[in-house]
Structures are given as C-alpha cells and as structure tokens.
4 protein chains.
Amino acid sequence: MSEHDSVIEELFQEEEGLTDKQKKIIIAAVESFSEKGYAATSTSEIAKKAGVAEGTIFRHYKTKKDLLMGIVSPMMAKLIAPFVIKDLYKVIDHKYERYEDFLRAMMENRIAFLKNNMPLLKILIQEIPFHPELKEQFKEHIACKVFERFVNLVEFYQKKGQIINIPSYSAVRMTFTSIFGFLITRYLILPEAEWNDEEEIELTIQFIMHGLSVKS
Amino acid sequence: MSEHDSVIEELFQEEEGLTDKQKKIIIAAVESFSEKGYAATSTSEIAKKAGVAEGTIFRHYKTKKDLLMGIVSPMMAKLIAPFVIKDLYKVIDHKYERYEDFLRAMMENRIAFLKNNMPLLKILIQEIPFHPELKEQFKEHIACKVFERFVNLVEFYQKKGQIINIPSYSAVRMTFTSIFGFLITRYLILPEAEWNDEEEIELTIQFIMHGLSVKS
Amino acid sequence: MSEHDSVIEELFQEEEGLTDKQKKIIIAAVESFSEKGYAATSTSEIAKKAGVAEGTIFRHYKTKKDLLMGIVSPMMAKLIAPFVIKDLYKVIDHKYERYEDFLRAMMENRIAFLKNNMPLLKILIQEIPFHPELKEQFKEHIACKVFERFVNLVEFYQKKGQIINIPSYSAVRMTFTSIFGFLITRYLILPEAEWNDEEEIELTIQFIMHGLSVKS
Amino acid sequence: MSEHDSVIEELFQEEEGLTDKQKKIIIAAVESFSEKGYAATSTSEIAKKAGVAEGTIFRHYKTKKDLLMGIVSPMMAKLIAPFVIKDLYKVIDHKYERYEDFLRAMMENRIAFLKNNMPLLKILIQEIPFHPELKEQFKEHIACKVFERFVNLVEFYQKKGQIINIPSYSAVRMTFTSIFGFLITRYLILPEAEWNDEEEIELTIQFIMHGLSVKS
DNA sequence: GATGAATGAGGTTTCATTCAT
DNA sequence: AATGAATGAAACCTCATTCAT
C-alpha cells in the first residue's frame, strides 16, 4: 500500500481502457455523489463538472446507477482486500503477540486507506441503505468475510487470555464501532474541528483495549 | 416518557390543528423517506400512500422540504429533551454516584426512545449530511448543548477519580460512538439477526466503563 | 350506427371522465400517428399540436405506448362489434336469402365505418406488425372470432348451393382481401384520385360473387 | 430469374465495390427494418448486429435514410423489372391465348420473387406511407408503368371477349388485390399457419378468373 | 476503409408545485 | 380543507452523426 492509497487512482491505472473523459466523469461523479448524495445529483450536473457532454456519460455507463456501481464496487473490494489475504492467519500468529499489536497495525493501515478515500466512503455509507445490490455486496463481503475473520481472531486472543470472555461477535462489534465512530466523527461530522489524529487513534486503541482486556 | 414514546404520536396529540389527512401524510412521508431517502421519494408517491390528493400535501407544507423539516425537527427536539432540562445537574449530582449509574439510566431511556422512532432516526442520520439547515440544527443542539453537558459530566466524574484522565471530549466521543454503534448495528445494519438486547446493552455499558474507568 | 360513426367521438361520449385536454391529446395523437407513424411521432409534437403541456400527456397515459393502445383498442373493439352480436346467426338465417345480400349489407355498414375512421385504420394497419400486444388482440378478435363466424356463414351458403365448393376459409380470405383491397386502394394508396364509390363497391361485390358463386 | 431470386444477393453481385462489412450492414439493416420498422431501428443496433463499428455505416451511407433507400430502391426496380421489358407486348400476344395463362405465368414468377424477398417487401409496404420519395418512386413506377401495362392487357383481353366489360382499371385493381391479398395473408399475417401454397394460388387464380370472365 | 469515443439535440418520462373548482 | 388536472422545468437516456486516429 503506497501513501496515496487512492481507489480512484488505482482504478485508473488498473483498468486500461479508460479514456480521459471517462476519468473526468468518475472524478466528477464521486465529488457530486459525495456532496449531495446519489439521488440528488443529476447526470447533467456531473457532465458539466466533468467538462463532458451528457451523452458521453451514457456511452460508458448504461445508466446512472451503473455509474454508481462502477464507483462503489471497486471501493468495497479494496476496502476488504487486506482481510481476505489467505494466509492472514499465519502471519498474524507469529507477528502479533497481542490483540493490541494486531489492532494497531490493522487500524493504521485501514485508517490511512479511508483517509485517502473519504468521499468514496461517504458515498458507500450513504447509499448502502437504499440499494439492495450494495447491501448484498456489503453483507457478503464485509459482514461475512471480514467479520468472520475478526471473530476468529478475537477468539484466538480470548484463548490466550488477553481478551475478556464475552461473546466474540460482541467484542468485534465494539472494536469496529469504536474505530468507525472515530472515523465518522473525525472526517464526516466534524472535519473542520482541529484534531490531533495520532493521539486520538492511540486513545481509541487504548479505549478498546481497556474495554476488552482482562484486568491484570 | 411513556412506553410508547413515539415522536409522531406525540406530535399528533400536541398539535391540535392536525386533520386526519395531515396525519396520514406524515405517516406516509416518514415511511417513504426512511425507506428510499428524501431525494428519491416523490410527493406523488407520498400522496398515494397517504390516500390523499397531491395538492393536499402542499396545502399543509409549502414545499417538499417543509415536509421533511416538519418531520425531522420535532424528532431532534424530543431526542435532546432530557439533556436540556435545566436542573439536570442537580438531579445528577445527588442521584448518580457513579458515571456508570448515570450512563445506564440515560442509555435505557434514550435507547427506548430511539427504538420507538427508528424510521425517524434513520431519516435524521441519512439527511443531515445533505441539508445545511439540518446540519446547523444538529450542531447547535446536539453537538453543542448535549455534547457540552456530557463533557461537564465526564469532567465531574474525572474529578471524582472514576474516569481516566483523557481529554473529556474524547471520553464523550467514545461513550457516544459505542452507544450509537450498538444502535445502528442493532437496528439498521442487522435488524433481522437475533439479538439479546438486554445482554448487549449491559455489555456495551461494561465496555465503555472498562474502557474509561480508572483501574483499581 | 349513425352517419357519424366515429370511434373517437363515441369514445368521448362513452368515457365520461375525459377532460377537454385529454380529448385534444387523443385527436392530436391520432393525426400524428396516422401521418408519420407511431415511432416517428414525438410526444412533444403531440403536446404542441394539442395545445397542451407535455406533462399532461403523461398524466393521462403512463407511457407513449399506453396512448397508442388507448387509441387503437377501442378502434378494434368497434370494428368487430357487429360480428360478435350473439344472435347474428338467427338474424342472418332469416334475413339474407343469399350470400350477396349479406355481403352487401355488411360491407355497406363496415365500409361506412372505416370511411369515418380512416386515420385510425391506418394506425391499426401500420402498427400491428410492430407491437406484439396489438398482434395478439388482432388475432384473438379479428382472426379468430370474426373469421370463424364468416367461415360458418360461408359454409352455410355452400350447403345451400350458392357458393362453390372450395375450402371455406379460402372463400373468406378472398372476400376479405377484395373488400380491404378496395378500401386500401381507395383511401390509402390513391385517395386523391376520383372515385365513383358506389359503382366501385357494387363492382367489388359483383367480383366476389362471380368469383365464388356456383355457375348456373 | 434464378431460383434464388434474391434482391440482396443480386445487389452484392452486381455492385462490385461492396466490402464485406458493407454487405453485413445491409443484411443487418434489412433484418431490423423489417422486424421493427425504420423509425424504431437505431443505427447502433444495426452496427451491433452487423458486427461493425457505428461509424462504418456512415462511411457508406451519408445518413440513415440513405441506407433505407439503398435497400428499398433496388427492390422496387427488381420488382417491376419484368413489366418494363419493352416488348412484353409482342411476347404476350403470341404466347398467352387467355388472360388466365398470362396471369398464371406472371403470378408464379412474381410470387416466387416476393417469397424470396419478404423482408424487403415488408419494409417497402411499411415505409412507403411515410416517405414521400418512396411514395413518388412507387407511384411513378408501379402505379403508372405497371398499372398502365396491366390496363392495356386487360383491355386487350376484353376486346377478345374474355373479360367482362367493367372499367379496365377496376379489373386490374381486383386482380392485384386478390394476389397481394393472398401474399400478405400468407406471408405477413399468418405465416405460421399451414398453407398448401399451390392449391391456394390456383384457387386465387380461379377466383380472379371467375370474377372477371364472361359467363359462357 | 474502419474504428469507436464524443457530441448535442431531442426523446420519453418524472416531479414539485399551482390553481380552479 | 381537499381535490386532481395542469404545468413546465428538469430528469434520465437515446440517437444520428462527426472526427481524430
């Protein structure tokens, strides 16, 4: 993962057939969808912002919804990528002695990713409730694969006596909500406030760890 | 707060001028806005669902946005009501020896409220990002008044040595995200899963408390 | 059947809910569809010709195709009406000694009808090949009910020894094509030529009768 | 006239400059125009069906209408070809003692031709009413030249006492409508029914002859 | 000759809103 | 208060045609 861990840029590099105008369309769409929401954004607006004729959009995407999917699907894929690496396990076993270590590594990585893709994340969060296909994708990939892996991990650390004995999925939920709670507050609710990111991340990790760890 | 702590019902009781049709309009609008989002819901759809002529909506609400506000504003008011009771403080001082006690009482109360008003909450969450007026209302009331009070409270318990010495607003943020994280997961993301509500609430409180309390 | 045997006028009288604008839309649509064909006629054109906002069309007809159907279906119904009178048979038995008599009566009646509804007939003929629903309606009503009745009739006159012994459906086909051949030539192909209608009709009947009758 | 009396194939052989792609375009256009009508067929659809880029169509035909004309004009020419052979007369005089003989010969020939070119005929019939140029071509060639010749022929046989004394153009009209009535019923309205072609053709000729011939 | 991205005019349809009844 | 026909702007989308490659 480079520093510029941007889904859109990667999209542009990976898919070669993309014309210049097509790229502009995607950039404009992301911006508008993120600012006003999918339903409230008109294709003519996207076209104007992209400096492109309206018809051009529909040459590349059969429908407006296609455009949304073409933007959101890669996001979802990249978001969960690190969690579906097959040998995540082995790596983990040896590398991270403590849940805290794993958490910190994972968090830094995913937070960096999300920071670079805030508009996309915003679209994802906003639109999932209204598009059954997205909901399905989300459930299948995030709720199943990622969640399941986390559950296994938590159970692993529970056996090691590092995490308290509560239902593992509850522990995962609390981990997740704390992290996303931070991100959403930080970047979506109060982006204009002054934040000491490093400290907040550390505090969040500490909070999770205190909340979950066995008292010594 | 009664058991049927429904904003809509209270609205119907408090505002007397409401005709039968008007009530139907509100009910229909809440349902549609919640399911499809404000922008993707048409007034004709609402009219049909309410069994009312299209014009009738505009007799009561000048614009579609007015209708949204007429629905969302009371929600916001009721949501923050318990926090703006002027003498919240005194009450608290004497009643809740520990942050945990306060938290449990407050949580039970507000969770019951939100449970009874999920569609409204969903609308609120979904639409705030796209409507500056709502954002403003939200910031002014929630982010300022409620947040501020909580900050004071946390500082109070910090002085008593019950809560660890981290920035108070961070502590509040973690409290909030844990609670809302639970609610959103429970009612919006996975409402169809089986939940043991009481246990989960208790676990969530425990998690917050462990995360924030001074190790003994 | 009055002299002004117009499907459109009857439509206006029978269906009471029709507003003034709706009538104008129908009239404009019939004119345009008939002149340029369904596919080549735009709804904006119809609206303009009808002196109506484009949206008004879609208030009354969900789609452009609906408009076509709303025009063509009554036409089909009225066209076949006289053939589905239940006791057509009995009436016939006693009234028309000879096929020629029946033919003349029927032809005069239907030709008068079609004369008064040429634009509609033109639409019907032009659009049937391209719209499966219309094709279905046509087959079901015309090709089955009307054709079948004619076949029975022809067989009846064959038994009476008035019509030569060829397959009855062939005899019907020839009767039909002669009549429609006249109508189409007269009104659609060469409407601007001078025609002695009465003579041509009589000649056509004579032609059919000679062609089908048993030589004496 | 060969057995495979196909206008399209002849077109491909006669015009030498035709590239492979151009042929595919014509074939695709005929198919689509015939199935959906000219106005309802898009050039992109034709391109796709022909396996050709959209631009390629316009390299060969300046406009979509040009393409229609490039397809329909040769059809018209071939259709009337046998009637414009200058010495048709002489041939006839000596060859066909009776109108019936002429009719049978002509019909077999033209019916075979039309059978092999049904899609083209369908396009011709469907589009003539909507394109003034086509209407003009049709009138000039068919309605004038062919019709005129037939009129002369009929008058010739009238003088010979074989055909009854009705206006010659009426006799021609009846001949035509009977033949086309058969063809259209056979190939366009009920192509899926089972037909005994030879018998039907013979019956049609007999019908025309009975209808027109002087009773003996 | 062939391509296919790009265009922009125009197509059908939706929608919030108005207004006479 | 309620209706629902009417509106016209704007939505999404299609299409014939052009043009650089």
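These values consider heavy atoms only, across backbone and side chains, with no hydrogens, waters or symmetry-generated copies. Here the structure is a predicted model, which is why all the values come from computation and not from measurement. Throughout, protein chains are lettered first and strands after them, A, B, ... in sequence-line order, and every chain is numbered starting at 1.
Counting 5' to 3', DNA chain E first comes under 4.0 angstrom of a heavy atom of chain C and last does so at the ends given by dG11(E) to dT14(E).
Summarising the geometry, the separation between CD1 on Ile46(A) and P on dC12(F) is reported as 8 Å, rounded to the nearest angstrom. Rounded to whole angstrom, the span from the CD1 atom of Ile25(B) across to the C1' atom of dA1(F) amounts to 11 Å.
Residues Pro129(B) and Leu188(A) are not in side-chain contact: their nearest non-hydrogen atoms beyond the backbone lie 4.5 Å or more apart.
Within 4.0 Å (heavy atoms only), Thr19(C) reaches sugar-phosphate atoms of the nucleic acid but no base atom. If you check every strand for non-hydrogen atoms under 4.0 Å, Glu54(A) touches a base.
Among residue pairs with one or both ends in residues 123-133 of chain D, those qualifying as side-chain hydrogen bond (donor to acceptor under 3.5 Å, both in side chains) are Lys65(D)-His131(D), Lys65(D)-Glu133(D), Glu127(D)-His131(D); sequence neighbours excluded. For residues 17-29 of chain B, every residue pair satisfying the side-chain hydrogen bond (donor to acceptor under 3.5 Å, both in side chains) rule, not counting sequence neighbours, is listed here: Gln22(B)-His60(B).
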### Stepwise side chain to side chain contact (heavy atoms under 4.5 Å, CB included) check, Phe138(A) with Leu124(A)
CA-CA 9 Å; Phe138(A) 175 79; Leu124(A) 194 64; 5.7 Å; no
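Contacts between residues 58-75 of chain D and DNA chain E, defined by a heavy-atom separation below 4.0 Å, involve Arg59(D), His60(D), listed by number.
Considering Lys122(D), Lys49(D), Lys36(D) as possible partners of Glu31(D), the one that fulfils the salt bridge (charged side-chain N to carboxylate O under 4.0 Å, His left out) test is Lys49(D).
The heavy-atom pair separating Ala39(C) from Ala39(D) by the smallest distance is CB-CB, 3.7 Å. Contact detail for Ile71(C) and Ala29(C): the closest heavy-atom pair is CD1-CB, 3.6 Å. Considering every non-hydrogen atom in both Ile123(C) and Val30(C), the closest pair reads CD1-O, 3.6 Å.
If you find the closest nucleotide of DNA chain F to Ile57(B) and to Ser44(A), the one lying nearer the 5' end belongs to Ile57(B). Place Ala53(C) and Gly55(D) on DNA chain F by their nearest nucleotides, and Ala53(C) ends up nearer the 5' end. The nearest heavy atom of DNA chain E to Glu45(B) and to Gly51(A) marks one nucleotide each, and the one closer to the 5' end goes with Gly51(A).
Residues meeting the side-chain contact (heavy atoms from CB on, under 4.5 Å) test with Glu140(C), sequence neighbours left out: none.
Judged by a 6.0 Å distance limit and a 45° cone about the ring axis, Lys64(C) is positioned over the six-membered ring of Tyr38(C).
DNA chain F forms stems at E:2-21 with F:2-21, each a run of 3 or more consecutive Watson-Crick or G-U wobble pairs whose two key distances fall under 3.5 Å.
The Ser42(D) side chain lies nearest to dA16(F) when the options are dA16(F), dA11(F), dT3(F).
Salt-bridge check for Glu54(A) with Arg59(A): failed, with every basic side-chain N at 4.0 Å or more from each acidic carboxylate O.
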